[in-house]
There are 2 protein chains.
Amino acid sequence: MSPAAPVEPKQSLTADAWAEAALEMIAQSGFDAVAVEPLARRLGVTKGSFYWHFENRDALLRAALERWERAETDDIVARIGPEPDPYQRIVKLFKAANASYRAGRLYLAIAAAEDKPMVQSFVRRVSERRMQYLFECYRALGFSEASAAHWARFAYATFMGNLQIGRDTPELMPTGAEFSEYVKLMIKVLIPREAPPDDDGDPPA
Amino acid sequence: MSPAAPVEPKQSLTADAWAEAALEMIAQSGFDAVAVEPLARRLGVTKGSFYWHFENRDALLRAALERWERAETDDIVARIGPEPDPYQRIVKLFKAANASYRAGRLYLAIAAAEDKPMVQSFVRRVSERRMQYLFECYRALGFSEASAAHWARFAYATFMGNLQIGRDTPELMPTGAEFSEYVKLMIKVLIPREAPPDDDGDPPA
DNA sequence: CTTGCCCCATACGCAAGCGTATGGATAGAC
DNA sequence: GTCTATCCATACGCTTGCGTATGGGGCAAG
């Protein structure tokens with residue numbers, strides 16, 4: 001009931017500040033929790049401010065989703081862009097995935113609202129882009145197209161599942177050294193350096 | 001806007017019918033979409049009926065979650081209960097996980113509402129139970145405690161991630177023979193029959 | 001100092017949903 | 001046939017949030 005600490009309204013608000021606040025709300029309380037008046041209270045202003053910056057609630061959600069997509073796209077290159085070795089690219093991607101807790105919550109919360117048509121396209125683009133990146137990594141490792149697609153999907157599913165576990169049952173996700181072991185195991189299994197013997201993943205070299 | 005086809009109100013409604021309708025709504029439109037009056041319209045009755053069967057909206061959600069937990073618990077034993085081979089237990093679990101589309105949507109939708117304190121405990125129990133089951137499977141395969149915990153988490157994460165992918169980007173999830181190949185790959189990788197060489201998963205025998 | 005623009009507060013009408021109060025209908029008990 | 005319990009409809013007040021209308025304060029230009 002107590003509306004936390006309303007931030008200082010110091011300067012004039014920007015549309016980006018509203019979008020960022022919307023993303024924060026999504027990460028905390030889910031997509032449907034994004035409401036104009038509660039957000040205004042959080043920002044220390046009233047609706048009057050909001051409806052000057054935005055046409056309506058949908059416009060805010062669109063802006064927030066665009067901001068999110070941009071941030072996600074920037075991250076995927078900024079964090080592991082200048083890495084030539086495809087193996088290390090996957091490793092870095094894996095560690096980055098478990099690094100930002102907020103980013104994970106954001107994805108899960110936004111993806112959970114995929115029934116809204118507007119959300120769907122954003123989630124699709126972000127997911128496809130990430131899996132495409134993984135696909136190219138496996139291709140660079142020498143995997144065939146079909147095999148790389150399977151392994152990319154596999155690895156991405158594991159990313160997503162770890163996010164889910166970390167959110168829903170954090171006590172089942174280890175910390176410290178044990179977590180490092182866990183990550184090492186997944187990396188070792190999900191990035192086969194030697195050729196699988198027969199029917200599956202193609203021999204890289 | 002058109003409220004679909006209101007079902008025939010034929011007989012008297014039961015509390016279970018309301019709970020089931022709530023679960024259906026959760027699977028379709030998310031946890032927050034469970035509202036008394038829309039549900040009543042769907043069932044071809046009015047609020048008067050609801051508030052005879054339930055104290056309030058929270059009671060309905062609680063009943064729905066209990067029904068869900070019970071169904072999930074029944075499934076995990078009913079589908080793969082009488083299977084002696086732990087390897088085949090994991091295989092069956094894997095295939096069952098990708099079998100029921102609705103069950104997957106339900107889990108994701110409920111888990112996405114983990115900010116509500118009531119939901120959290122249900123999701124935790126269901127998740128812990130499933131991972132515990134996997135843990136015991138890996139133990140039965142000869143894995144050490146630490147190793148089985150890692151592999152169980154790994155496998156469960158992959159389950160969850162595949163659910164997520166199937167919901168968010170279904171076009172990236174193959175069908176038919178290619179899907180079978182994909183499942184076969186994951187099973188092969190996630191259930192190592194031979195001992196990993198050195199530092200990780202313990203030799204089963 | 002006045003003018004204009006940017007940013008926001010206030011006040012209003014409207015819709016949806018929760019919970020309550022109360023009455024009606026139906027069916028079995030007797 | 002009356003009575004009672006079960007199940008539901010109707011009507012009401014209340015709250016929350018959306019969107020609009022309108023005005024006001026601050027600030028720079030002139």
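Just so we're on the same page: letters track the sequence lines, and every chain starts at 1. Quick note: numbers below take in every heavy atom, side chains included, and nothing from hydrogens, waters or symmetry partners.
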inquiry  = Below 4.0 angstrom, which residues in residues 48-57 of chain B have at least one non-hydrogen atom near DNA chain D?
reply    =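 Residues of residues 48-57 of chain B that come under 4.0 Å of DNA chain D are, in numerical order, B/Gly48, B/Ser49, B/Trp52, B/His53.
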
task = Using a cut-off of strictly less than 4.0 Å between a heavy atom of the residue and any atom of DNA chain D, enumerate the qualifying residues of residues 20-38 of chain A by number.
result =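 Here the set is A/Ala35, A/Val36, A/Glu37, A/Pro38.
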
query = Under the salt bridge (Lys or Arg N to Asp or Glu O under 4.0 Å) test, which residues partner A/Glu128, sequence neighbours left out?
reply =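 A/Glu128: no salt bridge (Lys or Arg N to Asp or Glu O under 4.0 Å) contacts found.
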
inquiry  = Applying salt bridge (Lys or Arg N to Asp or Glu O under 4.0 Å), can you list everything that pairs with B/Glu171, at least two apart in sequence or on another chain?
reply    =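 Partners of B/Glu171 by the salt bridge (Lys or Arg N to Asp or Glu O under 4.0 Å) criterion, ordered by chain and then number, come out as A/Arg124.
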
query = Quick one: side chain to side chain donor-acceptor pair (under 3.5 Å) pairs with a partner in residues 89-100 of chain A, sequence neighbours left out?
reply =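 Matches after skipping sequence neighbours: A/Glu83-A/Lys92.
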
Just to verify, what does [X] make a side chain to side chain donor-acceptor pair (under 3.5 Å) with, not counting sequence neighbours?
{"X": "A/Gln120", "value": "none"}
{"X": "A/Asn56", "value": "none"}
{"X": "B/Asp58", "value": "none"}

key: Nucleotide nearest B/Leu13 when distance is taken to its side chain, options D/dG17, C/dG17, D/dC8   =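 Selected nucleotide (nearest to the side chain): D/dC8.
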
Show me the donor-acceptor pairs, under 3.5 Å and distance only, between side chains in residues 111-118 of chain A and residues at least two apart or in other chains.
residue: A/Glu114; atom: OE2; partner: B/Arg105; partner atom: NH1; Å: 3.0
residue: A/Glu114; atom: OE2; partner: B/Arg105; partner atom: NH2; Å: 3.4
residue: A/Lys116; atom: NZ; partner: A/Asp32; partner atom: OD1; Å: 2.9

task = Quick one: list whatever passes side chain to side chain contact (heavy atoms under 4.5 Å, CB included) with A/Thr73, sequence neighbours left out.
result =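 Residues passing side chain to side chain contact (heavy atoms under 4.5 Å, CB included) with A/Thr73: A/Glu69, A/Arg129.
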
message = Measuring only between side-chain heavy atoms, which start at C-beta, is A/Pro174 closer than 4.5 Å to B/Arg153?
response =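 SC-SC contact between A/Pro174 and B/Arg153 confirmed.
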
key: Non-neighbouring partners of A/Phe159 that pass ring-ring contact (aromatic ring centres under 6.0 Å, His included), sequence neighbours left out   =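 In terms of ring-ring contact (aromatic ring centres under 6.0 Å, His included), with neighbours along the sequence ignored, A/Phe159 is linked to A/Phe94.
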
request  = Grab the CZ-C1' distance between A/Arg41 and C/dA9 for me, whole Å please.
outcome  =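 These atoms are roughly 15 Å apart.
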
request  = State the dot-bracket string of DNA chain C. Criteria: Watson-Crick or G-U wobble, both atom distances under 3.5 angstrom; notation: ( ) intrastrand, [ ] crossing earlier pairs, | interstrand, . unpaired.
outcome  = ||||||||||||||||||||||||||||||

